[in-house]
Amino acid sequence: WDEPIIFELSTPGERGVLVTGIEAGVRDAVGDVVGDLPAGLRRAAPPALPEMGQMRVLKHYLRLSQENLGADFNVDIGQGTCTMKYAPKVNDQLVGTPALTAMHPLQNPADAQGVLEIVWSTERMIAEISGMDEVSLHTQGGSAAIWSNIAMIRAYHEANGEGEQRREVITTIFSHPSNAAAAKAAGYDVITLYPDADGYPDLEALKRALSPRTAAIMVTNPEDTGIYNPAIKDWVDAAHAVGALASYDQANANGILGITRARDAGFDVCHFNLHKTFGTPHGCGGPGAGANGVSAALAPFLPGPRVARESGTDGSTRFVVREAGEQSIGAVAPFFGVIPNIVRAYAWMMALGADGLRAVAEIAVLNNNYLLKKVLEIPGASAPYATGRRRIEQVRYSWQELFEETGITSEEIGVRASDFGMHYWTSHHPYLVPQPFTLEPTESYSMAELDEYAAVLAEIAREARETPDVVRTAPHNQTVHHTHHDDLDDPERWAITWRAYQRKYFGAPVDPAGRVGSAGDRIETGATAAEAAA
Amino acid sequence: WDEPIIFELSTPGERGVLVTGIEAGVRDAVGDVVGDLPAGLRRAAPPALPEMGQMRVLKHYLRLSQENLGADFNVDIGQGTCTMKYAPKVNDQLVGTPALTAMHPLQNPADAQGVLEIVWSTERMIAEISGMDEVSLHTQGGSAAIWSNIAMIRAYHEANGEGEQRREVITTIFSHPSNAAAAKAAGYDVITLYPDADGYPDLEALKRALSPRTAAIMVTNPEDTGIYNPAIKDWVDAAHAVGALASYDQANANGILGITRARDAGFDVCHFNLHKTFGTPHGCGGPGAGANGVSAALAPFLPGPRVARESGTDGSTRFVVREAGEQSIGAVAPFFGVIPNIVRAYAWMMALGADGLRAVAEIAVLNNNYLLKKVLEIPGASAPYATGRRRIEQVRYSWQELFEETGITSEEIGVRASDFGMHYWTSHHPYLVPQPFTLEPTESYSMAELDEYAAVLAEIAREARETPDVVRTAPHNQTVHHTHHDDLDDPERWAITWRAYQRKYFGAPVDPAGRVGSAGDRIETGATAAEAAA
Amino acid sequence: MTEPFVHPYIPNTAPESKAAMLAAVGAASVDEFYADVPAELRLDRPLDLPAPFTAEQDLVRHVEGLLGKNVSTRQRLSFLGAGTYHHYVPAVVDEVIGRSEFLTAYAGEPYEDHGRFQALFQYQSLMAELLAMDVVNVPTYDGYQATATALSMAGRMSGRRRILVASDVLPAKLSKVHDFVRVHLDLEFVETIDGVADVAGLVSRLGDDIAAVWVETPSHTGAVEAQLQKISDAAHAAGAVLVVGTDPIGYGVLTPPAEQGADIVCGDIQSLGLHQWFGGAHGGFIAVHDDTKFIMEMPSRLFGLATTDVPGEYGFGDVAYDRTSFAHREEGKEWVGTAAALWGIAAGVYLALMGPQGMRDLGELLLARTRYAQQQLGAIPGIALGDTAVHLREFTIDLSGAGLTAAGLVGALRAEGIEPGVAVGEHLLLVCVTEMTSQADIDRLAAAIASNTDHQTSETISTLEEQSA
Amino acid sequence: MTEPFVHPYIPNTAPESKAAMLAAVGAASVDEFYADVPAELRLDRPLDLPAPFTAEQDLVRHVEGLLGKNVSTRQRLSFLGAGTYHHYVPAVVDEVIGRSEFLTAYAGEPYEDHGRFQALFQYQSLMAELLAMDVVNVPTYDGYQATATALSMAGRMSGRRRILVASDVLPAKLSKVHDFVRVHLDLEFVETIDGVADVAGLVSRLGDDIAAVWVETPSHTGAVEAQLQKISDAAHAAGAVLVVGTDPIGYGVLTPPAEQGADIVCGDIQSLGLHQWFGGAHGGFIAVHDDTKFIMEMPSRLFGLATTDVPGEYGFGDVAYDRTSFAHREEGKEWVGTAAALWGIAAGVYLALMGPQGMRDLGELLLARTRYAQQQLGAIPGIALGDTAVHLREFTIDLSGAGLTAAGLVGALRAEGIEPGVAVGEHLLLVCVTEMTSQADIDRLAAAIASNTDHQTSETISTLEEQSA
């Protein structure tokens with residue numbers, strides 16, 4: 001499809017959906033409410049939204065959807081660190097019921113016993129999985145959960161009178177960047193440690209960095225390299241030794257479910273992403289959902305309100321809502337968190353159970369080590385660090401050899417991969433691993449799919465040597481062609497909205513209400529609408 | 001996507017969905033039920049269904065879906081006679097409720113008052129739209145409804161003792177072929193009339209064909225040419241004059257809703273297709289749904305069971321189920337008909353009302369006459385018959401001039417249209433109109449979309465003259481390439497199932513249970529899976 | 001109307017567009033397009049229909065309000081079958097057939113609708129494995145039609161008129177089949193013995209004017225025909241074909257009829273991934289061997305594999321299109337039209353998800369639950385099983401020993417929120433269990449029936465006592 | 001387990017596949033992969049979790065059973081708002097965001113995920129028209145976060161610490177904002193007068209150390225701020241920016257804050273096409289003018305139009321990616337992560353369906369119903385409106401004249417199936433109406449409250465009588 005921008009599809013007078021009418025009785029009682037608005041409050045001209053019939057709106061967005069590569073469509077193992085796994089359709093179906101979508105969070109808890117029980121049970125299951133004492137499901141994503149981690153750590157130190165003293169947070173370069181960013185946003189100075197020569201986290205470097213000024217260490221493990229820190233308990237102990245707390249980024253715990261637990265290594269706080277480990281869909285970048293686990297010592301600082309189970313004298317149980325306590329960091333998000341994803345995660349765990357979660361971990365690491373072998377068979381690809389050792393759930397690879405030989409970069413290979421219906425991602429910045437790419441096969445893909453993916457990488461590597469221009473000028477087979485990203489960093493040229501584009505590129509007159517002139521005369525030629533049946 | 005046949009995706013041991021277990025109490029009570037089966041009843045080897053994980057099944061069918069061009073995606077005006085219109089999404093959402101999907105047809109009618117009321121109300125609305133006295137919604141499609149028409153006509157004549165005498169049914173060549181086919185299946189001899197020079201149904205020919213042997217005339221109006229028979233009442237009167245009945249194929253009544261009615265022209269029976277005129281989706285070729293309307297004289301012959309409304313002495317109403325009566329043709333389908341489509345049709349009518357239905361008709365004919373003008377502007381295209389006159393809801397066009405000039409056939413143009421994300425259909429056989437194509441824009445498409453469609457036809461006509469090979473070798477931009485249809489008419493080579501294909505092409509050994517050997521070694525190359533983001 | 005009628009479903013009701021298009025075609029008003037419709041046939045008033053709900057939120061409230069009056073089998077404990085069955089529908093099935101691409105497509109060519117052709121070819125192929133036959137049609141309307149057509153095929157092939165009906169047939173199905181074939185065929189019934197075919201009686205009626213023997217297995221009462229091979233041999237010896245009407249749900253464990261000589265196997269696919277839908281979601285299959293004589297009598301579309309210009313690529317198309325009414329109007333075989341394609345896709349997805357092991361597990365579960373239910377209900381004093389045949393999913397119980405009518409028991413149990421089954425005789429109740437019917441559900445039914453027989457018995461006794469008093 | 005554990009979600013649990021892969025990598029067992037996990041950290045027992053429902057039908061029965069305990073706002077007449085609102089969600093919105101392509105995608109590049117980039121660019125653009133501003137972000141988590149970030153932006157830009165809070169703010173939102181900004185900013189409250197800003201008091205507090213003035217309109221109590229232009233002028237005169245927190249639902253009829261001088265406009269998009277979801281479906285927007293100074297302080301992704309190698313073709317990409325924590329870890333602006341993209345797509349579809357006329361009709365309807373509800377409730381003896389400001393959708397009523405507590409009234413009406421609103425003070429009830437609340441619904445609420453005040457009044461009287469007796 002060569003689908004226009006939606007504003008180009010507007011036809012005066014068309015309607016997409018009608019609003020119910022104002023009852024005669026209401027109108028008689030209230031009069032002209034718009035006319036009665038105080039001066040200045042009445043909008044002068046209507047917003048310049050497009051005017052479209054319902055089917056055309058639908059068609060537009062359905063076509064756009066086909067121009068998107070969901071995890072349900074590809075062998076989605078190229079977005080390492082993100083744990084792209086199967087989000088079961090039955091869970092989408094379960095959450096779609098009005099018994100959930102039409103619930104208001106401030107309804108009588110007696111009318112919300114089902115959803116409250118699911119929240120409570122999900123917390124308890126994640127407590128068991130992490131070994132932590134208490135769990136909160138309030139946060140709306142992984143980075144938000146990291147924020148809650150540091151916010152609780154901050155509150156804890158303040159409660160102990162050490163808020164002013166402890167101004168530093170230590171992380172590692174292969175921990176998710178949001179650990180550094182959230183600590184900074186919470187007012188901390190961030191110290192970032194680099195790995196040792198083998199790619200393992202450097203315990204000695206940690207010990208040098210720790211001091212009474214340290215508020216916390218915030219680390220991911222296994223790190224983005226897929227390497228598990230064998231000295232993790234020593235790290236935690238070292239932090240505790242200086243009075244600091246230890247915070248565990250378990251966004252992706254996919255390789256260690258049922259194998260090892262955060263609390264068993266001594267961590268004080270940790271978080272999971274329900275949209276990574278627990279099989280909720282990624283929604284084009286959210287909503288996700290986070291789970292924060294804490295030790296008993298940190299429990300008073302958890303966000304609120306909290307769901308609790310009460311037992312009646314007759315043995316019956318009911319679920320109640322308790323407002324956040326004195327020491328709580330308060331509300332971190334509206335109400336109880338991302339309910340649709342909490343229910344999905346609950347259903348996902350209940351479909352698998354203890355055996356199933358362990359199978360998730362074991363097959364995820366099996367898949368990863370199988371893929372590792374396949375990728376290392378491709379000339380030009382390598383897996384820096386921990387040479388010859390197994391990895392947990394993912395690997396950060398490098399095309400450095402291929403780059404040196406051909407000049408083709410990892411980004412270029414990634415773009416070319418899209419021509420094969422595949423996707424991959426390089427890595428977070430900075431590119432400590434040169435020409436990086438990060439693959440995480442999770443448990444959701446079959447051996448045949450892993451073989452197919454590796455075959456595509458091998459094919460592109462071959463192209464890079466034999467027909468490098470094919471790679472360099474990719475994509476060749478997408479709905480859009482090589483895009484000029486320099487437009488996007490120039491304030492004179494960037495166009496973050498259609499109205500800005502009209503103004504900057506066409507000097508469209510802006511009337512007092514901000515309505516721009518008619519859209520450009522872009523012709524839609526049938527010839528480019530030809531991906532029809534794809 | 002270059003998606004394999006599903007059997008090629010099988011991996012031993014994988015499971016797509018698990019079945020609930022047999023309770024221990026049941027197993028203890030019943031023992032080994034499979035082992036206990038009588039000799040010969042126990043299947044020797046399991047069926048050779050594929051073994052696949054759930055996500056792979058999903059991915060396979062989602063990819064196939066993207067290789068399909070639904071009405072929601074294209075300007076679907078090329079399937080003339082089929083009334084491709086917007087099937088509102090809200091109706092799909094409404095019928096998806098367990099309050100409908102989980103209803104059993106033999107439940108206590110007191111538990112089914114909602115769905116029974118909808119069936120009854122839909123019948124009454126269609127009775128008003130058609131002017132007929134009674135309506136049945138039992139049939140599962142348009143041709144099935146035509147069968148019900150002729151079955152009732154047959155029963156009527158038999159009830160009058162004229163079953164043996166009346167052995168002929170008269171139809172026209174521009175009436176839907178199922179009228180001829182169903183009449184034949186019911187045991188009638190079929191007489192097909194051809195139009196007069198202007199393309200209008202030939203009243204004199206009808207009068208010559210009518211006789212005491214005539215059971216019925218079965219005609220479509222407007223015919224597939226989009227021409228309304230101005231003498232339709234004379235046709236009905238002429239049939240009645242010889243004691244025959246008149247049956248009206250109103251599968252597509254889209255252009256005349258609220259304009260003119262079957263009963264007003266004197267018809268005894270008629271039918272509508274809910275999946276054409278009444279906005280239910282077409283489902284790749286069903287389920288559709290039919291509605292049969294009859295005069296009071298034919299009402300006793302309607303299929304059963306019937307839904308009736310009863311009033312209590314207190315003014316309350318309730319809906320009851322009545323078994324078919326003595327004269328009824330009996331059950332024509334399970335229970336009450338295609339319930340999801342009946343509810344959708346009800347919702348569609350209730351969203352529009354009398355004004356809306358008339359607007360449907362008026363805009364459908366406006367769109368059709370607008371498109372007629374646009375198409376006639378394309379050199380090489382023509383609209384045979386009724387020259388210079390308006391059409392109702394569709395037109396059967398001809399590329400004969402273009403064919404004579406270039407040798408490009410209408411079929412070839414249709415295939416090429418698919419490269420533009422468009423579809424069109426030629427016509428039913430025989431091709432009385434040479435090099436035919438039949439367009440029906442319905443009310444669902446905007447002026448801009450009609451312009452776009454006409455522009456594609458004009459472009460292909462240009463190609464046919466300037467670069468005919470481009471047209472002749474189409475498709476160029478589909479997931480599949482020019483297909484060799486001669487395979488399909490040769491009993492030695494046709495392969496109607498995968499197992500037949502394996503046997504015929506690979507001589508796969510068939511074990512006693514019919515399990516064939518392993519599938520061929522078809523390699524899936526990544527390179528052809530490249531339509532990814534389309 | 002004072003304001004112009006603009007509707008979200010009809011874009012060109014926008015006044016500017018409508019005016020522009022009228023101007024483009026040179027028409028003063030829409031009326032001109034109806035010049036051929038005589039004035040006396042024109043409706044001179046608005047249709048008399050209920051006031052519409054043009055705002056979607058109002059429509060939703062209205063329809064949900066109506067449907068809210070229904071009380072579904074989620075709220076009622078249901079043992080209803082008799083043609084529509086309550087099986088579990090995996091979420092992926094609904095996801096696939098809910099895709100707009102499939103839901104709203106119709107009749108495109110094999111190029112733009114490659115996905116539809118492949119999905120239906122796969123449906124044919126998956127059913128073929130389950131049935132162990134080489135040819136399956138794109139679904140026709142339902143099992144009734146499939147059976148009517150299968151018998152008609154036998155008649156057309158043989159030129160014979162007589163059909164021997166060897167099994168108990170669902171009455172509504174029989175009604176349809178009879179009216180459909182009666183011009184061409186005569187149905188003759190060989191009474192069943194203990195729920196299944198009277199093979200000896202059948203054999204005695206066979207002759208060279210018999211077009212087909214028609215067996216239903218499971219029958220109307222859920223009885224599985226154990227003598228199929230014998231029947232088949234006898235039919236073939238007489239030059240008749242064996243038409244087997246069936247439900248495919250059991251063939252993970254049961255021998256498919258084709259392996260016992262069936263020539264045409266037909267039935268309904270509702271059990272394979274379709275919801276109950278108040279009986280409104282059925283599709284019919286007809287399966288035959290790869291034999292031109294049979295294939296050329298099939299009216300439905302048959303999608304086949306074909307080669308393309310690209311070596312190794314699969315294309316699809318219509319096999320032997322010249323059979324059809326699309327090609328030859330009344331000269332085609334019966335007719336072909338919009339039937340049940342989407343349900344066929346659903347059944348294909350269902351079989352792909354279930355796989356061989358799933359169908360085996362399900363078959364065993366159905367046999368086990370059926371037998372368990374027979375045991376539990378048969379053990380109630382006064383209740384007897386209708387027959388001793390092997391049953392799959394359905395069976396009858398005879399209430400006469402308890403002095404109960406089937407209708408009376410249904411009424412009594414409905415008051416307890418139970419639909420105990422379908423009354424198929426004065427004292428005969430047809431009970432259905434599936435994988436959705438747990439042991440506890442069956443136990444609850446047994447208890448409810450037992451309590452009614454107790455009640456009945458004590459009532460009978462007290463009536464007797466009263467009379468004697 | 002005696003049988004191998006094979007699960008539909010994990011294809012390589014198939015024993016043959018697992019064995020083949022282990023062999024391929026030369027591992028004897030999966031244990032080898034965990035060599036780096038010290039033995040003392042290994043869990044030596046299975047996780048203590050509830051028994052699973054591995055069969056999908058059992059899982060569905062379990063979860064539906066739990067959710068069946070909920071009683072939703074379809075069964076209860078709800079006047080609840082306070083941050084989560086019951087607006088109508090058109091079916092097309094749910095259809096689009098239910099598409100697997102959108103639902104399951106994540107972070108692809110602009111090539112394979114062209115659709116996502118365009119859909120979110122369009123969301124930004126549609127919101128921009130509604131708000132009359134040139135820049136809108138890809139949604140952040142919710143309105144709480146959007147506001148916290150907006151104020152932080154003002155602090156970072158100005159280097160100042162003080163924020164003047166001019167309106168009544170939803171307490172939970174205030175809690176979040178406070179904890180988020182407290183290291184960098186000090187919130188100072190200027191008490192409202194009659195529901196809206198005390199402009200004179202505000203002006204008197206302005207100075208060159210004020211980073212921003214924060215106005216909420218509609219406020220926590222639904223009051224629409226009528227003096228925005230004055231506030232804006234005063235803030236700008238002091239070198240402060242005006243941050244307006246709002247709900248976009250009213251801007252079909254209300255003047256957008258940008259036209260009255262707002263520099264940053266932020267809030268929640270839940271009202272625009274998202275269900276209530278027990279409060280679990282929120283998304284935050286931050287809108288600014290096309291001013292580099294502001295844009296470079298935004299942490300969220302911003303999708304922009306770009307040219308491609310094909311003239312006239314639209315490409316998309318990240319604008320000023322170098323702002324983000326993805327690019328620069330702690331040197332980025334706050335952070336960016338998985339937030340609420342799908343809800344942004346939903347809001348875009350919603351606005352496209354509604355169009356200018358739909359948003360106008362809806363705004364008028366909300367104003368009318370709100371005023372009607374104020375009239376009906378305010379007319380009940382003993383009940384007073386909380387203030388005299390213009391209200392949109394929400395307003396408070398003061399029950400003290402009737403001697404009722406808000407919590408008491410809520411309890412009493414819940415017993416009648418009505419959620420009358422949120423208790424926001426001992427005698428103060430926050431009542432919300434939307435297009436889902438009909439005149440009849442409002443009348444029913446008024447009658448129910450009136451009957452409770454009657455009851456209360458007569459109780460009070462009888463108590464008095466008893467006392468005097």
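Just so it is clear, the values below take in all heavy atoms, side chains as well, and ignore hydrogens, waters and symmetry mates. In what follows, chains are A, B, ... by sequence order, proteins preceding strands, each numbered from 1.
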request  = Please check if any side-chain donor atom of C:H282 sits under 3.5 Å from a side-chain acceptor atom of B:Q140, or the reverse.
outcome  = no
inquiry  = Please classify the contact of C:Q439 with chain B as side chain, backbone, both or neither, using a heavy-atom distance under 4.5 Å.
reply    = both
task = Output yes when B:R15 and C:D361 qualify as a salt bridge under the 4.0 Å nitrogen-oxygen rule, no when they do not.
result = yes
ask   = Which heavy atom of C:L130 sits nearest a heavy atom of B:R43, and at what distance?
value = O-NH1, 2.7 Å
ask   = Tell me, side chain or backbone of C:H328 under 4.5 Å from chain B's heavy atoms, or both, or neither?
value = neither
key: chain B contact via C:K173 - side chain, backbone, both or neither, heavy atoms under 4.5 Å   = neither
note = Bottom line for C:R360: the part with an atom under 4.5 Å from chain B's heavy atoms is side chain
note = Rounded to the nearest 0.5 Å, the NE2 atom of C:H178 sits from the CD1 atom of B:I329 at a distance of 12.5 Å
inquiry  = At a 4.5 Å cut-off on heavy atoms, which part of C:V422 comes close to chain B: side chain, backbone, both, or neither?
reply    = side chain
ask   = Top residue by heavy-atom pair count (under 4.5 Å) with chain C, among B:Y370, B:Y86, B:F335, B:Y61?
value = B:Y61
request  = Supply the atom-to-atom distance C:L41 CG to B:D264 CG, rounded to the nearest 0.5 angstrom.
outcome  = 7.0 Å
ask   = Contact part of C:A281 toward chain B, heavy-atom cut-off under 4.5 Å: side chain, backbone, both or neither?
value = neither
note = Under 4.5 Å to a heavy atom of chain B? For C:A82 that would be both
key: From CA spacing to verdict: side chain to side chain donor-acceptor pair (under 3.5 Å), C:H7, B:D355   = CA-CA 10 Å; C:H7 200 283; B:D355 290 341; over 6 Å; no
task = Could you look at C:D318 and say if it's the side chain, the backbone, both or neither that has a heavy atom under 4.5 Å from chain B?
result = backbone
request  = Without swapping roles, check the side chain of B:E128 against the backbone of C:D48 for a donor-acceptor pair under 3.5 Å.
outcome  = yes
task = Write down the atom of C:S72, the atom of B:P98, and the distance for their closest heavy-atom approach.
result = CB-O, 3.6 Å
remark   = Honestly, the part of B:V33 sitting under 4.5 Å from a heavy atom of chain C is both
ask   = With no hydrogens and no angle check, do the side chains of B:H484 and C:T307 hold a donor and an acceptor under 3.5 Å apart?
value = yes
query = Less than 6.0 Å separating the ring centroids of B:F336 and C:F278?
reply = yes
Chain B contact via C:V390 - side chain, backbone, both or neither, heavy atoms under 4.5 Å = side chain
message = Which atoms of C:R414 are under 4.5 Å from chain B, going by heavy atoms: the side chain, the backbone, both sets, or neither?
response = side chain
ask   = What distance do B:H429 atom NE2 and C:D322 atom CG have between them, rounded to the nearest 0.5 Å?
value = 8.0 Å
query = Heavy atoms, side chains only, cut-off 4.5 Å: are C:P38 and B:Y228 in contact?
reply = yes
query = Short question: side chain of C:Q229, backbone of B:G40 - any donor-acceptor pair under 3.5 Å?
reply = no
request  = Using non-hydrogen atoms and a 4.5 Å limit, figure out which bit of C:V96 sits close to chain B: side chain, backbone, both or neither.
outcome  = side chain
remark   = Of B:G356, B:G330, B:G414, the largest count of non-hydrogen pairs under 4.5 angstrom with chain C goes to B:G356
Pairing of C:R369 and B:E23 as salt bridge, 4.0 angstrom limit = yes
request  = Give the member of C:T255, C:L365, C:L59, C:V310 that has the highest number of heavy-atom pairs under 4.5 Å with chain B.
outcome  = C:T255
ask   = Do the side chains of C:W335 and B:P177 get nearer than 4.5 Å, heavy atoms only?
value = no
Non-hydrogen side-chain atoms of C:H86 and B:H104 separated by less than 4.5 Å = no
task = Answer yes or no: is there a side-chain heavy-atom contact under 4.5 Å between C:I10 and B:E443?
result = yes
inquiry  = Checking C:Y106 against B:H423 for the ring pair (Phe, Tyr, Trp, His ring centres under 6.0 Å) test, could you report, in this order, the C-alpha distance in whole Å, the side-chain angles of both residues, the deciding distance, and whether it holds?
reply    = CA-CA 11 Å; C:Y106 198 19; B:H423 160 68; 9.5 Å; no
note = Turns out that what part of C:Q357 lies under 4.5 Å from chain B's heavy atoms comes down to both
inquiry  = Using ring centroids (six-membered ring only for Trp), state whether C:F102 and B:H282 fall under 6.0 Å.
reply    = no
Residue that, paired with C:V319, satisfies side-chain contact (heavy atoms from CB on, under 4.5 Å) out of B:D489, B:D487, B:I496 = B:I496
task = Before giving the answer on salt bridge (charged side-chain N to carboxylate O under 4.0 Å, His left out), spell out for B:R390 and C:D36 the whole-Å C-alpha distance, their side-chain angles and the decisive distance to 0.1 Å.
result = CA-CA 8 Å; B:R390 308 292 191 180; C:D36 278 341; over 6 Å; no
key: N-O pairing of C:E32 and B:R389 below 4.0 Å   = no
ask   = Side chain, backbone, both or neither: which part of C:R99 has an atom under 4.5 Å from a heavy atom of chain B?
value = side chain
query = Does any N or O in the side chain of C:S175 come within less than 3.5 Å of the main-chain N or O of B:A331, such that one atom is a donor and the other an acceptor?
reply = yes
ask   = Would you say B:V415 and C:E109 make side-chain contact, with heavy atoms under 4.5 Å?
value = no
message = Distance check, rounded to the nearest 0.5 Å: C:L353 atom CG versus B:L58 atom CG?
response = 8.5 Å
request  = Give the member of B:Q79, B:H428, B:K233 that has the highest number of heavy-atom pairs under 4.5 Å with chain C.
outcome  = B:Q79
query = If only atom types and distance count, is the side chain of C:Y111 paired as donor or acceptor with the main-chain N or O of B:T483 below 3.5 Å?
reply = yes
remark   = Output for pair (B:I392 CD1, C:Y34 OH), nearest 0.5 Å, gives 6.0 Å
key: Beyond-backbone contact of B:F7 with C:L126, side-chain heavy atoms, under 4.5 angstrom   = yes
Sub-4.5 Å side-chain heavy-atom contact between B:K184 and C:R329 = no
task = Mind listing the closest non-hydrogen atom pair of C:P11 and B:S444 along with its distance?
result = CG-O, 3.5 Å
ask   = Any chance the side chains of B:Q478 and C:H114 put a donor and an acceptor closer than 3.5 Å?
value = no
query = Quick one: what part of C:V138 sits under 4.5 Å from any heavy atom of chain B, side chain, backbone, both or neither?
reply = neither
query = Is there side-chain contact between C:V253 and B:R42, with at least one heavy-atom pair below 4.5 Å?
reply = no
message = Could you check whether B:N367 and C:N12, counting side-chain N and O atoms only, form a donor-acceptor pair closer than 3.5 Å?
response = yes
Gap separating the CD atom of C:E64 from the CG atom of B:L94, nearest 0.5 angstrom = 6.0 Å
task = Apply side-chain contact (heavy atoms from CB on, under 4.5 Å) to the pair B:L64 and C:R116, showing each step before the final yes or no.
result = CA-CA 7 Å; B:L64 290 188; C:R116 174 169 68 93; over 6 Å; no
